[in-house]
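Since the structure is predicted, the reported quantities are computational estimates derived from the model, not experimental observations. Note that the numbering runs from 1 along the sequence shown for the chain.
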Amino acid sequence: MCGRYQSVSSPATLVDHFGVAEVRTEPLRERFNVAPSTDVYAIIDHGDVRALGTLRWGFVPRWAKRVGGTGQPVNARLETVATSRMFASSFARRRCLLPADGFYEWRDRGKGRAKQPYHLADPQGTPLAFAGIWTTWRDPESDEVTHSTAIVTTEARGTMTEIHHRMPVILPTTLWANWLTTSDDAPHLLDTVTALGPPRLTATPVTTRVNNVRNDGPELLEPGEVD
């Protein structure tokens, strides 16, 4: 799963790194502890234009009665994203990249012991590209539109296997265009992503300050072992 991550790269950095042609959002503030229900950067291909915008993290299905209710997941499993009633349409036609400068996961240390949080990031500090899907929900009363997203997750690979059994799908540069392009090759794309090898990640144990969403600063990246 992925329930918290780091987003500190500026729009200018993301434009350069992801080959973005248009910026359709005001800059978001740096976040060292991005939590569900917040707006996050997202990259979407609109025809031939690759654009940087924002989406609400927490997938609001078309049948939801309101934004922020139950049944609005932040993750979508790769194994079922193409067949799920909630996600299949978005996987086929509305895929996105969600830039992240790192993410957090918690290792279970056994009964009676506090979980150890880890910060995971690219060894060179390069932004990661999470595979995402998005959707649009329209309020039946106000007609207000909400664009929301979920991070696609998969079985843990490489470094992550020692920490947790799930992880975000991290796409290599060679698959960005395929993931963003709407086409009829979604089943083939699913096979390709499923067969990906482990991404390069460094895992640093950090303190439990990250557990509280109100804590949000660079001190969260300081190494620390749970007692």
Side-chain angles (χ1 to χ4, degrees), residues 1-10 13-14 17 28-42 55-59 68 70-81 97-132 148-172 193 196-227:
M1 64 174 293
C2 182
R4 304 281 184 79
Y5 67 95
Q6 176 196 3
S7 177
V8 296
S9 288
S10 67
T13 297
L14 299 178
H17 184 66
L28 300 176
R29 69 178 178 86
E30 290 186 349
R31 297 290 299 272
F32 290 85
N33 199 2
V34 179
S37 80
T38 58
D39 287 343
V40 298
Y41 286 128
L55 299 169
R56 182 185 188 277
W57 185 22
F59 195 89
T70 59
Q72 298 178 14
V74 297
N75 295 155
R77 294 174 65 92
L78 181 67
E79 297 86 345
T80 56
V81 70
L97 300 178
L98 301 171
D101 294 284
F103 65 100
Y104 301 95
E105 194 51 83
W106 285 256
R107 179 171 63 85
D108 190 341
R109 301 192 305 153
K111 185 176 181 180
R113 304 183 69 190
K115 292 182 178 181
Q116 172 67 58
Y118 283 81
H119 177 259
L120 297 108
D122 179 89
Q124 305 303 318
T126 302
L128 305 171
F130 291 163
S148 62
T149 187
I151 296 171
V152 180
T153 65
T154 187
E155 291 184 355
R157 302 165 185 175
T159 302
M160 277 296 298
T161 58
E162 300 178 5
I163 300 171
H164 198 271
H165 66 285
R166 302 291 297 178
M167 66 179 293
V169 172
I170 300 172
L171 295 173
V193 173
L196 284 174
R200 294 189 313 148
L201 294 171
T202 57
T204 304
V206 294
T207 71
T208 54
R209 283 178 293 191
V210 71
N211 295 5
N212 189 331
V213 297
R214 291 175 293 182
N215 296 330
D216 189 3
E219 66 277 3
L220 299 185
L221 306 184
E222 296 174 0
E225 298 280 354
V226 175
D227 294 332

| field | R166/E79 ion pair, N-O < 4.0 Å | value | yes
| How far does CG of N33 sit from CD of E219, to the nearest 0.5 angstrom? | 10.0 Å
| message | To check you understand the geometry: which heavy-atom pair defines the closest contact between A76 and V81, and what is its length? | response | CB-CG2, 4.3 Å
| request: Verify salt bridge (Lys or Arg N to Asp or Glu O under 4.0 Å) between R4 and D216, making sure each step is shown before the conclusion. | output: CA-CA 11 Å; R4 304 281 184 79; D216 189 3; over 6 Å; no
| request: Test side chain to side chain contact (heavy atoms under 4.5 Å, CB included) on L201 and I170 and set out the steps. | output: CA-CA 10 Å; L201 294 171; I170 300 172; 4.1 Å; yes
| said: Taking ring-ring contact (aromatic ring centres under 6.0 Å, His included) as the definition, give me every residue that meets it alongside Y104, ordered by chain and number, with sequence neighbours left out. | reply: H119
| query | Looking only at atom types and distance, does a side-chain atom of Q116 sit under 3.5 Å from a main-chain N or O of I163, one as donor and one as acceptor? | reply | no
| said: Set out, in order, the CA-CA distance, both residues' side-chain angles and the distance that settles side chain to side chain contact (heavy atoms under 4.5 Å, CB included) for V169 and T153, then state yes or no. | reply: CA-CA 5 Å; V169 172; T153 65; 5.7 Å; no
| From L120 CG over to R200 CZ, what is the distance, rounded to the nearest 0.5 angstrom? | 14.0 Å
| request: Let me know which of F103, W57, F59 forms a side-chain contact (heavy atoms from CB on, under 4.5 Å) with I151. | output: W57
| request: Check whether the side chains of S9 and D101 place a donor and an acceptor atom closer than 3.5 Å, and report yes or no. | output: yes
| task | With rounding to the nearest 0.5 Å, note down the distance linking OG in S10 to CG in L28. | result | 11.5 Å
| Any donor and acceptor pair, going by atom type alone, linking the side chain of T208 with main-chain N or O of N211 inside 3.5 Å? | no
| message | Treating Y41 as the side-chain partner and L55 as the backbone partner, does any N or O pair qualify as donor plus acceptor under 3.5 Å? | response | no
| said: Are T149 and V40 packed together at the side-chain level, in the sense that at least one heavy-atom pair is separated by less than 4.5 angstrom? | reply: yes
| task | Using a 4.5 Å cut-off on heavy atoms from C-beta on, say whether the side chain of H164 contacts that of K115. | result | no
| How many angstroms lie between atom CD of Q6 and atom CZ of F32, to the nearest 0.5 angstrom? | 6.0 Å
| Excluding sequence neighbours, so at least two apart, what forms side-chain contact (heavy atoms from CB on, under 4.5 Å) with A100? | Y5, F130
| note | For R109 and A114 the tightest heavy-atom approach is NE-O, 2.7 Å
| query | Considering residues at least two apart in sequence or located in another chain, which fulfil the side-chain contact (heavy atoms from CB on, under 4.5 Å) criterion with N215? | reply | R209, N212, L220
| query | What heavy-atom pair brings P99 and L14 nearest, and what distance separates the two atoms? | reply | CB-CD2, 3.8 Å
| query | Between P117 and V210, what is the shortest heavy-atom contact and its length? | reply | CB-CG1, 3.7 Å
| said: Let's go through V206 and E222 carefully: what are the C-alpha distance in whole Å and the side-chain angles of both, what is the deciding distance for side chain to side chain contact (heavy atoms under 4.5 Å, CB included) to 0.1 Å, and is it a yes or a no? | reply: CA-CA 6 Å; V206 294; E222 296 174 0; over 6 Å; no
| said: Please report the interatomic distance CE(M167) to SG(C2), rounded to the nearest 0.5 Å. | reply: 9.5 Å
| Salt-bridge criterion met for R31 and D39 (N-O under 4.0 Å) | no
| What are the two closest heavy atoms between P73 and G71, and how far apart are they? | CD-O, 3.4 Å
| request: Nearest 0.5 Å please: distance from the CG atom of D122 over to the OG1 atom of T202. | output: 7.5 Å
| field | Within-4.5 Å side-chain heavy-atom neighbours: L97 and L171 | value | yes
| request: Any chance you could lay out the side chain to side chain contact (heavy atoms under 4.5 Å, CB included) test for T126 and H17, step after step, and finish with the verdict? | output: CA-CA 9 Å; T126 302; H17 184 66; 3.0 Å; yes
| side-chain contact (heavy atoms from CB on, under 4.5 Å) with T161: which residues, sequence neighbours excluded? | A156
| said: For residues 151-163, which residue pairs pass the salt bridge (Lys or Arg N to Asp or Glu O under 4.0 Å) check, not counting sequence neighbours? | reply: none
| With sequence neighbours excluded, what pairs up with P223 under the side-chain contact (heavy atoms from CB on, under 4.5 Å) test? | T204
